[in-house]
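Inspection log for the structure reproduced underneath, given as structure tokens.
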Amino acid sequence: MSNPTIAIDRDVRVRYAPSPTGLLHVGGARTTLFNWLFARGEAKRLGFDGAMILRIEDTDRNRLVEGATQGILDILSWFGIDWDEGPDVGGPYAPYVQSERLPLYQQGAQELIDKGLAYRCFCSPQRLQQLREEQRQKGLPPGYDRHCRSIAKEEIEAKLAAGEGYVVRFAMPRDGTTEVYDLIRGESTFQNANLEDLVLLKSDGYPTYHLANVIDDHDMQITHIMRGEEWIPTAPVHVRLYHAFGWEPPAIAHMPLILAPGGGKLSKRHGSTAMEEFKAQGYLPEALMNYLALLGWSLDGTTEIFSREELLANWSLERVSPSPATFDYDKLRWFNQQYINHILTLDDLTARVVPFLIDAGLATDGALDPSNAEFARVRDVTAVLKDRLVLLSDAPDLMSFFLVDELPPYDAAKLIPKKSDATQALTALQGAFAVFEAGAVDDEAAIEASLRELAEKLGLKAGQLFMPIRVAVTGRTESPGLFETLRVIGDDWVRARVRAAIELLSTDG
RNA sequence: GCCCCCAUAGUCUAGUGGACCAGGACGUCACCCUUUCAAGGUGAAGAUCGCGGGUUCGAAUCCCGCUGGGGGUACCA
């Protein structure tokens with residue numbers, strides 16, 4: 001548990017390097033967050049500079065998704081992460097897109113070939129597949145058999161001359177060990193014999209992750225690699241690669257994995273996994289950041305709510321746990337609710353609710369402007385039911401009866417409370433109607449006094465009077481407090497709806 | 001199969017040899033508040049600190065083994 005001491009003894013440069021193959025996964029967002037907190041928070045607290053770099057690893061042309069890069073940049077900004085260098089803002093080590101850096105990798109591969117530390121491999125995909133098949137059948141560990149590692153120079157020349165395709169593979173040492181020092185796990189020793197001659201350069205001239213990440217991290221002066229735990233198995237190869245180039249590897253920290261509730265990888269089967277989905281469902285970026293920060297990190301085991309600034313002020317790599325964490329949707333919801341109900345200002349919350357109402361056709365673009373009356377209207381509504389809002393996307397359903405003139409049809413039976421009957425309910429509504437005719441609902445205290453008086457006069461319990469009114473004006477049995485609900489709905493609608501309820505109950509009964 | 005990582009309640013976690021018959025939070029349950037639903041308040045249940053061996057006067061904390069979970073095993077990242 002006690003992590004090795006992390007020495008930040010120089011200016012820090014970290015990077016997040018997504019591949020534009022789709023939407024940004026929460027795991028990726030968490031990794032980005034930790035990188036960002038390390039550079040912008042911890043390093044700066046210690047008096048060093050901390051630079052955040054974004055690099056696009058688009059070396060797999062098959063999985064490339066159009067527009068994915070922009071989507072990742074956008075959602076990262078929404079999340080609250082910013083960066084100093086990247087594909088959109090440039091920087092001293094541009095370009096920050098790997099497909100634009102191809103010559104660098106090809107030169108690197110050639111350099112290793114020249115040094116005898118890498119070799120061309122002419123094996124066809126078919127042969128490799130067949131090889132794996134045979135190994136599987138014999139119960140042998142799968143892996144490249146290094147067939148091309150020792151072919152004669154003349155043969156290589158001949159194949160090259162014949163225009164045969166090839167990949168470049170790393171010539172791993174066949175014996176000995178490689179040590180990897182992980183900032184949160186300490187040292188691990190790997191047997192070189194277990195490590196493969198990984199492909200460095202693909203036959204299409206693009207590098208694999210292994211080559212590109214080593215060359216770029218070195219070229220971009222990355223000081224700390226903080227990436228997912230799934231990279232632990234290839235870390236020793238990367239270390240060997242740095243040595244092959246004669247470079248000092250950056251410090252490495254592998255962040256704990258985020259697991260699905262049932263175990264295993266978090267996938268769509270369990271719920272949302274992409275940041276865009278969480279955004280669309282009405283999760284707040286600050287709630288997401290707060291929750292994700294606590295997945296694998298904690299300050300003291302007690303403090304739960306952290307603003308972005310508090311995270312910057314407190315987060316440290318030293319307190320990142322090595323063990324994987326299960327994603328808990330319920331707890332995320334709780335954080336969202338905390339921010340909605342207790343942390344955001346009413347104006348802020350209102351501004352975030354508005355787009356969801358517009359999408360649902362419950363507000364117009366006019367509500368976007370805080371100086372507009374429609375915004376004020378939504379703010380009044382938000383004020384009375386924010387404590388039952390968990391997701392912003394809940395807003396349209398929760399708020400609809402405040403925002404539409406005509407209530408959708410509802411069952412007349414709902415007007416009759418459990419411990420009451422139709423006659424009582426009708427009497428209650430008729431009495432209430434008289435009260436609403438006599439006084440304005442914007443005086444909550446006065447209306448409450450009048451209605452309580454009415455209940456007493458009719459010999460009804462408060463609930464027997466209030467519930468029919470509630471259903472009459474909202475169409476449902478659940479709502480905010482009755483008097484504030486009446487106030488926000490307003491006199492005209494209240495009278496019309498109570499009148500309609502009386503009619504419904506009379507004709508229905 | 002092989003390699004690697006991890007291991008405190010259902011979940012996130014605190015805990016770095018004695019103040020821990022293990023603290024906080026989510027979730028669950030109960031009660032209070034109450035015009036409904038929430039929110040809020042109070043409280044409860046829930047962990048033989050995965051198991052077995054050591055080391056030590058003393059271990060959740062150190063060591064070894066096992067088990068379990070997870071990751072990797074691609075011309076994907």
Side-chain angles (χ1 to χ4, degrees), chain A residues 1-3 17-21 57-60 62-63 121 123-125 128-129 132 135-136 138-144 165-169 180 182 185 188 190-191 193-196 198-204 206-210 212-213 227-236 254 256-257 259 261 263-265 291 294-305 321-335 337 341-342 385-390 398 417 448 451-452 455 461-467 469-471 474 476-483 485:
Chain A
M1 180 65 236
S2 69
N3 298 327
S19 65
T21 53
E57 308 216 326
D58 59 343
T59 55
D60 185 342
N62 299 320
R63 296 200 306 150
C121 168
C123 294
S124 66
L128 296 176
Q129 199 179 343
R132 273 193 292 271
Q135 287 164 333
R136 196 172 54 82
K138 291 179 190 164
L140 296 168
Y144 180 58
Y166 63 87
V167 301
V168 176
R169 285 182 184 272
V180 175
D182 182 311
R185 271 161 253 270
S188 299
F190 294 80
Q191 298 294 322
N194 291 326
L195 272 13
E196 284 208 66
L198 292 180
V199 171
L200 263 23
L201 204 63
K202 302 184 244 185
S203 55
D204 62 4
Y206 279 70
T208 59
Y209 169 85
H210 311 294
N213 118 283
R227 81 238 290 189
E229 197 183 323
E230 66 270 23
W231 292 109
I232 291 179
T234 45
H254 290 102
L257 252 21
L259 266 29
K265 274 187 176 172
Y291 175 66
L294 258 12
L295 227 43
W297 173 84
S298 73
L299 177 64
D300 51 19
T302 302
T303 316
E304 298 272 337
I305 301 293
S321 159
S323 55
T326 304
F327 196 87
D328 183 349
Y329 289 91
D330 278 333
K331 191 149 189 182
L332 207 212
R333 287 173 62 84
W334 178 80
F335 273 107
Q337 190 184 61
N341 198 4
H342 302 296
L385 76 194
K386 72 186 177 83
D387 67 2
R388 54 214 87 194
L389 241 196
V390 176
L398 282 173
E448 175 167 5
L451 289 177
R452 287 194 187 278
K461 289 191 168 177
Q464 292 177 307
L465 172 62
F466 295 172
M467 188 51 89
I469 301 174
R470 165 173 293 110
V471 174
T474 67
R476 45 187 98 180
T477 53
E478 297 167 6
S479 83
L482 183 60
F483 312 110
T485 299

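Throughout, a chain's letter reflects where its sequence line sits, starting with A, and its residues are numbered from 1.
- Atom CG in A:Leu294 sits about 8 Å away from atom C1' in B:rU13, given to the nearest Å.
- Comparing A:Thr477 and A:Asp300 by the nucleotide of RNA chain B whose heavy atom lies nearest to each, the residue mapping closer to the 5' end is A:Asp300.
- Here, B:rA25 and B:rG41 have their P atoms 10 Å apart, quoted to the whole Å.
- Of the listed nucleotides (B:rG24, B:rC2, B:rU11), B:rC2 has the atom at the smallest distance from the side chain of A:Asn194.
- When the nucleotides B:rC6, B:rU11, B:rA38 are ranked by their closest atom to the side chain of A:Ser323, B:rC6 comes out on top.
- For the P atoms, the distance linking B:rA38 with B:rU28 amounts to 11 Å, nearest Å.
- Between the A:Thr59 side chain and the A:Tyr206 main chain, no donor and acceptor come within less than 3.5 Å of each other.
- Put simply, CZ on A:Phe335 is 17 Å from P on B:rU11, counting in whole angstrom units.
- In this structure, A:Arg470 contributes its side chain and A:Gly463 its backbone to no donor-acceptor pair below 3.5 Å.
- Rounded to whole Å, the separation between the C1' atoms of B:rG23 and B:rA47 comes to 12 Å.
- Nucleotides B:rU35 and B:rA44 are separated by 29 Å at their C1' atoms, to the nearest Å.
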Expected rows: protein N/O vs nucleotides 40-51 of chain B N/O, under 3.5 Å:
unit_1	atom_1	unit_2	atom_2	d
B:rG40	OP1	A:His342	NE2	3.3

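- One can place CZ of A:Phe466 at 15 Å from P of B:rC37, the figure rounded to the nearest angstrom.
- The partner of B:rG1, taking Watson-Crick or G-U wobble pairs whose two distances both stay under 3.5 Å, is B:rU73.
- Residues A:Asp60 and A:Thr21 fail the side-chain proximity criterion, which asks for heavy atoms closer than 4.5 Å.
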Inset, instruction - Assign a letter to each nucleotide of nucleotides 63-77 of chain B from its 5' end: B, base within under 4.0 Å of a protein heavy atom; S, sugar-phosphate only; -, no contact. - result: -------SBSSSBBB
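- Taking A:Phe190 as the reference, nothing meets the ring pair (Phe, Tyr, Trp, His ring centres under 6.0 Å) condition, with sequence neighbours excluded.
- A:Leu385 and A:Leu398 get closest at one heavy-atom pair: CD1-O, 3.2 Å.
- Among the protein residues, A:Phe190 comes within range of the sugar-phosphate backbone only, with heavy atoms under 4.0 Å from sugar or phosphate atoms but none that close to a base.
- Among the heavy atoms of the strands lying under 4.0 Å from A:Ser188 are primed sugar atoms or P, OP1, OP2 only; no base atom is included.
- In this structure, A:Asp328 does not pair ionically with A:Lys331, as no charged nitrogen and carboxylate oxygen lie closer than 4.0 Å.
- For A:Lys202 against A:Thr208, the heavy-atom pair with the smallest separation is CG-CG2, 3.8 Å.
- A distance of about 16 Å separates the P atoms of B:rA59 and B:rC20, rounded to the whole Å.
- Between A:Leu332 atom CG and B:rA25 atom P the separation is 19 Å, expressed in whole Å.
- Using the Watson-Crick or G-U wobble rule with both distances under 3.5 Å, B:rG50 pairs with B:rC66.
- Comparing the same atom, P, in B:rG18 and in B:rG10 gives a spacing of 27 Å after rounding to whole Å.
- Distance check on atom C1': B:rA60 versus B:rA14 gives 12 Å, rounded to whole Å.
- Here B:rU34 presents its P atom at 17 Å from CE of A:Met467, a figure rounded to the nearest Å.
- Spacing between atom CG of A:Leu195 and atom C1' of B:rC2 amounts to 12 Å, rounded to whole angstrom units.
- Rounded to an integer number of Å, the gap from OH of A:Tyr329 to C1' of B:rA25 is 20 Å.
- Aromatic ring pairs are classed by plane angle as parallel below 30°, tilted from 30° to 60° and perpendicular above 60°; the pair A:Phe483 and A:Phe466 is perpendicular.
- Using a distance-only test at 3.5 Å, with no hydrogens or angles considered, no donor-acceptor pair links the side chain of A:Arg333 to the main chain of A:Val390.
- Taking 3.5 Å as the limit, the base of B:rA39 and the side chain of A:Lys386 contain no donor-acceptor pair of atoms between them.
- Using a distance-only test at 3.5 Å, with no hydrogens or angles considered, no donor-acceptor pair links the side chain of A:Glu57 to the main chain of A:Tyr209.
- Comparing B:rU35, B:rA38, B:rA7 against the side chain of A:Arg452 picks out B:rU35 as the nearest.
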Legend entry - side chain to side chain contact (heavy atoms under 4.5 Å, CB included) between A:Tyr144 and A:Val199, intermediate numbers included: CA-CA 10 Å; A:Tyr144 180 58; A:Val199 171; over 6 Å; no
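- Between A:Asp330 atom CG and B:rU11 atom P there is a gap of 13 Å when expressed in whole angstrom units.
- Within the nucleic acid shown, A:Thr326 comes within 4.0 Å of sugar-phosphate atoms alone, with no base atom in reach, counting heavy atoms only.
- When distances are taken from the side chain of A:Pro141 to each of B:rG1, B:rA25, B:rA7, the shortest belongs to B:rG1.
- Nucleotides B:rU61 and B:rG54, compared at atom C1', are 15 Å apart to the nearest Å.
- Residue-level contact check: A:Ser298 touches the backbone only, with heavy atoms under 4.0 Å from sugar-phosphate atoms and none from bases.
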